[in-house]
Structure formats: C-alpha cells, structure tokens
Amino acid sequence: MKLLGHHLVVPLPGGALLMRKRSAVVGAVLLVLSLVALFAAHWLGAYPISANRIVPLFFSGEGGVDQLILLDVRMPRILVGVFVGGLMGMSGAIFQALMRNPLASPDVLGFNAGAAFGALLTIFLFGSAAYVFWGAVAGGVLTALLVVALSWHRGLDLFRLIMVGIGIGFTLLACADFLMSQLDIQRASDMAKWLVGSLGQVQREDIAPVAIAFVVLGALGVVLQYFLDRLAFDEDLAAGLGLKVNGLRLLLVAVAVVMTATAVAVAGPIPFVAFVSGPIARQLSRTPSSALILAAGIGILVTLLSDTAARTLVAAFQMPTGVFTALIGAPYLIWLLARQAKRNLI
Amino acid sequence: MLEPQENTPLEAKDLGLSFGSHVVLKDFNLAVPKGRVSVVIGPNACGKSTLLRSLARLEKPSAGTVLLDGKSIHKQPTRGVAKRLGILPQMPVAPEGITVGDLVSRGRTPHQSVWRQWSRQDEVAIQNAMDMTKITELRDKAFSSLSGGQRQRVWIAMALAQETDLLLLDEPTTFLDLAHQIELLELLKRCNEEQQMTIVAVLHDINLAARYAHHLVVMKNGQIEAQGSADKVITQDIMKSTFGLECYVMPDPVKGTPLVVPA
C-alpha cells in the first residue's frame with residue numbers, strides 16, 4: 001500500500017484500488033461505534049441483563065430466561081435492524097448520487113411507499129402475511145418501473161423522475177391508508193408498521209432474507225460505485241468517458257430498488273434512514289464519491305440507535321422505530337430545504 | 001491523393017438528424033482533417049452543437065453515419081471510442097465537492113477497470129495533463145472554488161488525461177473574458193502542435209476562429225455553407241449569406257488572418 005496525495009493505493013494482483021485516507025479513518029470509527037451500539041442494543045431493555053453477561057450468554061448453553069430474552073427476543077430484532085439500516089443507507093446513497101440530488105432518496109421518491117403498499121395489498125388479498133415479502137419487493141419494483149416509465153424522455157430524465165416519484169409516492173400512501181381503513185381495528189393496528197415502519201414485529205425468519213440481500217446487493221453496489229461516481233458528471237461527459245450511461249443507470253436503479261424493497265418487506269417504510277445516511281457519510285469523509293460503505297455504516301448506526309430508543313425510552317409502550325428515525329431525519333430535511341431555498345435551488 | 005482513412009480520422013457521411021419533425025442536420029458530409037484544428041462557426045441554432053455531439057456518438061443519427069477510422073462509430077465499443085476521441089460538452093457539470101486532482105484523474109476512466117482503478121500510466125498521464133494546462137498547483141483545491149478560466153483549463157486537462165488523439169470541444173470559450181479566451185485557444189494550439197492532436201471546436205467568435213483554425217466550417221440551417229482555410233471562407237458574401245451580416249473583411253494586423261468588422 002502506498003500514499004498518493006489524499007489517497008491510499010491498495011495493490012491487487014494485476015490491478016489496484018484507490019481509497020481516500022479520510023474515508024478509511026471514518027470507516028474505522030463507524031465500525032467501532034457500530035460495535036458499541038450493537039452491544040448497547042443487546043444490553044438495554046425492559047428486562048435487565050447485566051453488561052458483563054451479554055457476551056458469555058451468546059456462547060453458553062444454559063437456556064435460561066436471560067438467554068431466551070437475549071437470543072430470541074433482542075438479537076433477531078437487532079440483527080434485522082442492522083441489515084435493514086445498511087440496505088436503506090446504501091439504497092439512498094445510490095439514488096442520491098444517480099440523481100445528483102440529496103432529496104432523491106427512495107423514501108422521498110415513493111419506492112418505499114410502493115413496497116409498503118404492495119405488502120399491505122397481499123395481506124388484504126390473501127388474508128395472511130405469507131406473501132408480504134414478495135408483495136413488498138413486487139410493489140417496490142413495479143413502483144420504480146412506473147416512475148421510470150412515466151419520466152422516460154429520450155433516456156432517463158432525472159428531474160422528471162424526482163417529480164413523478166414524489167407524486168406516485170403520495171398516491172400510494174393514500175392507497176395504503178385506504179386499505180388500512182378497510183381492515184378491522186385489530187388487524188389495522190397490527191399492520192400499522194406498513195405506514196410508519198417498525199422492527200417491533202420482526203421474527204427470526206426475517207434475518208436470512210435481509211442478511212443475504214445486504215451481502216449480495218452490498219457487494220454489487222460497492223463494485224458499481226466506480227461507475228456511479230463517474231455518472232455524477234453530466235451524461236454527455238460520462239458517455240464521452242466510454243460509459244454506457246442508460247444501461248448503468250437502469251442497473252443501479254434496479255439494485256437500489258431491490259435493496260430498499262427488501263428492507264421495507266421486513267421492517268416497513270422506516271423513514272429518513274435512506275435519506276440521511278449518504279449525505280452524512282459524505283460530509284464526514286469529505287468525498288465527492290457516493291461512499292456506499294460509509295453510507296451503510298451510518299444507516300446501521302441510525303437504525304440501531306433509533307430502534308434502541310424506541311424499545312427502551314418508554315418502558316410500557318413500544319414505539320415504532322420510524323418515529324425516532326423521523327426525529328433525526330426531519331430536522332435534516334428542514335435544514336436541507338432551507339439551505340436549498342437560500343441558494344435558489346428550489 | 002491519400003486514402004480517405006489516412007487523412008481523416010473522423011468523418012460524417014450523408015448525416016441526417018431530426019428531433020421529431022424538426023430537421024437539425026441534413027445530408028451532412030464532413031471529413032475532419034487529421035492533425036489539424038477545425039473550427040465550426042455559424043449562427044445560433046444552425047446545428048453546430050448537434051453536429052459536434054453526433055461526431056462524438058452522443059446523438060444517434062436518423063440517417064447516414066459517422067465514421068471513426070473508417071468504421072461506423074456507433075458500431076464500435078464505446079470504451080474503445082473513448083480511447084480515441086475526447087469530448088468536452090458546452091456546460092459540463094462536476095460532481096459536488098470534487099478536487100481538481102480527482103476531476104482530472106476521472107479522464108482516465110476508459111483506460112481503467114473496476115479491478116484496476118490505478119496504474120503507473122494513469123499517474124504519468126495525469127501529471128502530463130496538469131503540466132500542459134498549468135494546473136499542477138491547483139491539484140488539491142476544490143473545483144467549485146476556481147475561476148471560470150481555471151475551470152476550463154481543468155476540463156481540458158481531464159480531456160488530455162484521456163490521451164485521445166481526437167478532441168472535440170463545444171464552445172469552450174463561452175463565459176470567458178477575451179484574455180482567457182486567448183489563453184484557452186493558445187492551449188489548444190499547443191495541444192495540436194506538440195501532441196499532434198486533431199481538434200474540432202465550435203466557436204462563436206468569427207475572428208478568433210479565423211485566427212486559430214486550419215480548417216473552417218461555416219454552417220447554416222444544418223448544412224455546410226462553406227469550408228476551407230479562413231482566407232477562402234471568411235468573405236463579405238459568405239458573412240452576408242450565412243449570418244445576414246453586412247461587414248468589411250480586412251487582414252488581421254497581427255496575424256494577417258481575415259478580420260470581420262461589422263458595417
């Protein structure tokens with residue numbers, strides 16, 4: 001490894017990777033913080049478990065109440081939170097880089113609403129939650145296709161995409177609201193996570209799909225980041241550099257949509273995680289790149305902290321995770337809008 | 001006479017292009033002379049930019065073809081084309097927060113891959129490009145903090161880092177004051193003379209075009225009105241028929257090239 005200005009050159013057999021020094025430092029700090037948050041999340045909760053027993057309990061075979069709470073109640077929810085947060089963080093960073101606009105995250109573009117509506121629709125049609133996952137993925141993908149088709153104008157028109165996305169998103173949320181009103185009150189309150197997003201009803205079986213999606217799509221995203229960072233030029237320059245602009249954009253949109261749909265399928269449309277992660281990661285590392293790995297780290301941290309707060313702040317009442325991510329995200333949205341308004345960007 | 005492929009690396013053959021019912025280019029034939037500076041001039045909306053974009057495979061023609069080294073440019077792999085031909089669009093957009101060094105290094109994209117994001121050749125090409133454009137000391141500056149003239153030099157450096165022998169530029173001097181326009185055109189002249197680059201530029205200023213172009217192309221309504229050396233092409237009659245401009249044409253007191261003085 002050698003230094004080159006602000007970069008580290010990481011040699012590979014027959015090649016080399018470039019990494020910014022500052023990004024490497026930020027990444028290491030995020031890793032440490034995430035591990036601390038992971039530990040704290042397992043430790044904190046209505047049922048007290050002493051801190052020095054957390055790690056031993058993972059490996060002992062005692063099978064007591066402590067272990068049951070830790071491994072069967074807390075761990076699935078926390079692990080799903082980690083993968084969902086990471087997926088949403090990366091998905092948001094991809095969309096924002098593609099559209100060259102910090103407002104363009106999948107929660108703003110209506111893809112999360114589409115996934116949530118798809119999930120809710122399967123429950124409504126089949127009377128059970130058996131097809132929720134596929135309903136959410138199909139809802140997210142179909143919404144994305146619809147938005148892309150409606151905004152296609154001799155290629156992918158990014159400004160139209162944002163406008164159409166916001167419109168479709170609100171329409172689908174209204175549809176979801178309508179479906180909820182048709183359910184009886186008990187079912188409706190069970191289904192409330194499809195409106196706000198929550199890790200509250202997560203189960204053990206939910207871990208595998210989000211874990212697989214996180215690893216596979218995350219790896220794909222990190223490979224595609226090289227192109228994503230070059231698409232941040234306008235399309236003429238990117239095409240002039242020999243990139244197949246439309247093909248790469250569609251591929252990246254597909255990856256980002258499946259990321260967000262998988263996350264929503266399990267946790268509902270948790271708001272603002274996709275929206276805040278990329279910008280925070282880029283601010284911290286001061287990089288012009290889309291910084292997908294760092295965005296995943298921020299997404300994980302935001303989700304873990306929000307969900308831990310949702311579980312523990314009011315002991316008798318478990319609040320949806322989305323309430324706390326919104327508490328973090330909404331002020332940022334207001335700040336961003338105020339700043340863009342000041343610069344006459346909107 | 002030489003074989004056409006030998007003296008023209010880039011050629012438009014019966015090129016036609018329409019947006020809907022609006023015809024922008026019609027039966028357009030142009031052979032870009034190798035190792036020379038060609039400049040396209042013409043009134044607003046005459047199709048100059050569209051011509052340049054078509055030559056750079058950014059527009060798909062509705063009729064005819066563009067030939068790069070004698071073969072249809074649209075049938076060649078776009079990455080391969082990017083190693084032969086660089087294009088600087090009219091108002092390029094830089095990624096937010098990018099530094100000058102990072103921006104110039106993006107010009108290496110067609111020579112890199114995901115696996116090989118850096119090589120010794122990249123380093124040499126980037127250094128040469130920055131030396132040529134005199135921006136080495138700006139390397140760690142934020143692109144957004146630069147002046148218009150500096151920015152334009154950085155864009156050219158990025159194109160030079162691409163190491164192509166063809167460079168297409170769409171109005172590279174727009175928004176620059178006269179001193180910086182000259183600075184930029186001198187830079188292009190050096191690229192042509194020292195590195196034998198074939199350059200095609202769209203320019204607005206007829207007098208500067210006359211001074212720097214080996215080959216001038218005068219366009220009107222999507223067709224060629226006249227082409228050749230400045231002496232042949234910049235005449236009272238052609239200025240009248242193309243731009244509707246009454247003028248006198250006299251020799252430039254510095255270079256002797258034709259100078260248009262509006263009447």
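Each chain gets a letter, A, B and so on, in the order the sequences are listed, and its residues count up from 1.
- Residue contact with chain A, scored on non-hydrogen atoms closer than 4.5 Å, is absent for V81(B).
- With R20(A) contributing its side chain and H6(A) its backbone, the two residues share no donor-acceptor pair below 3.5 Å.
- For R282(A), the part lying under 4.5 angstrom from a heavy atom of chain B is the side chain only.
- Residue I87(B) touches chain A through both its backbone and its side chain, counting heavy-atom pairs closer than 4.5 Å.
- When only modelled atom types and interatomic distance are considered, D205(B) and Q181(B) share no side-chain donor-acceptor pair under 3.5 Å.
- A ring-centre distance under 6.0 Å is not found for W115(B) and Y226(A).
- With no hydrogens or angles considered, a side-chain donor-acceptor pair links T260(A) and N112(A) at under 3.5 Å.
- Options L243(A), T287(A), D229(A), V245(A) differ in how many heavy-atom pairs under 4.5 Å they form with chain B, and the most are formed by D229(A).
- Judged purely by distance below 3.5 Å, without hydrogens or angles, the side chains of T136(B) and D131(B) pair a donor atom with an acceptor atom.
- At a 4.5 Å heavy-atom cutoff, the contact between E59(B) and chain A is made by side-chain atoms alone.
- The greatest number of non-hydrogen atom pairs below 4.5 Å with chain A, out of L168(B), T109(B), T78(B), is found for T109(B).
- Per-residue counts of heavy-atom pairs under 4.5 Å with chain A were compared for M91(B), R57(B), E96(B), K83(B); the largest is that of R57(B).
- Counting non-hydrogen atoms of other residues, nucleotides and ligands closer than 6.0 Å to CG of L68(B) gives a total above 12.
- Interface remark: P92(B) contributes backbone and side-chain atoms alike to the contact with chain A (heavy atom separation under 4.5 Å).
- Looking only at side-chain heavy atoms (C-beta outward), V82(A) and T303(A) stay at 4.5 Å or farther from each other.
- The choice from A239(A), P288(A), G14(A) that makes the most heavy-atom pairs within less than 4.5 Å of chain B is P288(A).
- Contact detail for Q152(B) and L184(B): the closest heavy-atom pair is CG-CD1, 3.6 Å.
- Contacts with chain B were tallied for A97(A), S289(A), P13(A); P13(A) has the most, counting heavy-atom pairs under 4.5 Å.
- For F19(B), the part sitting under 4.5 Å from any heavy atom of chain A is the side chain, from C-beta outward, and nothing else.
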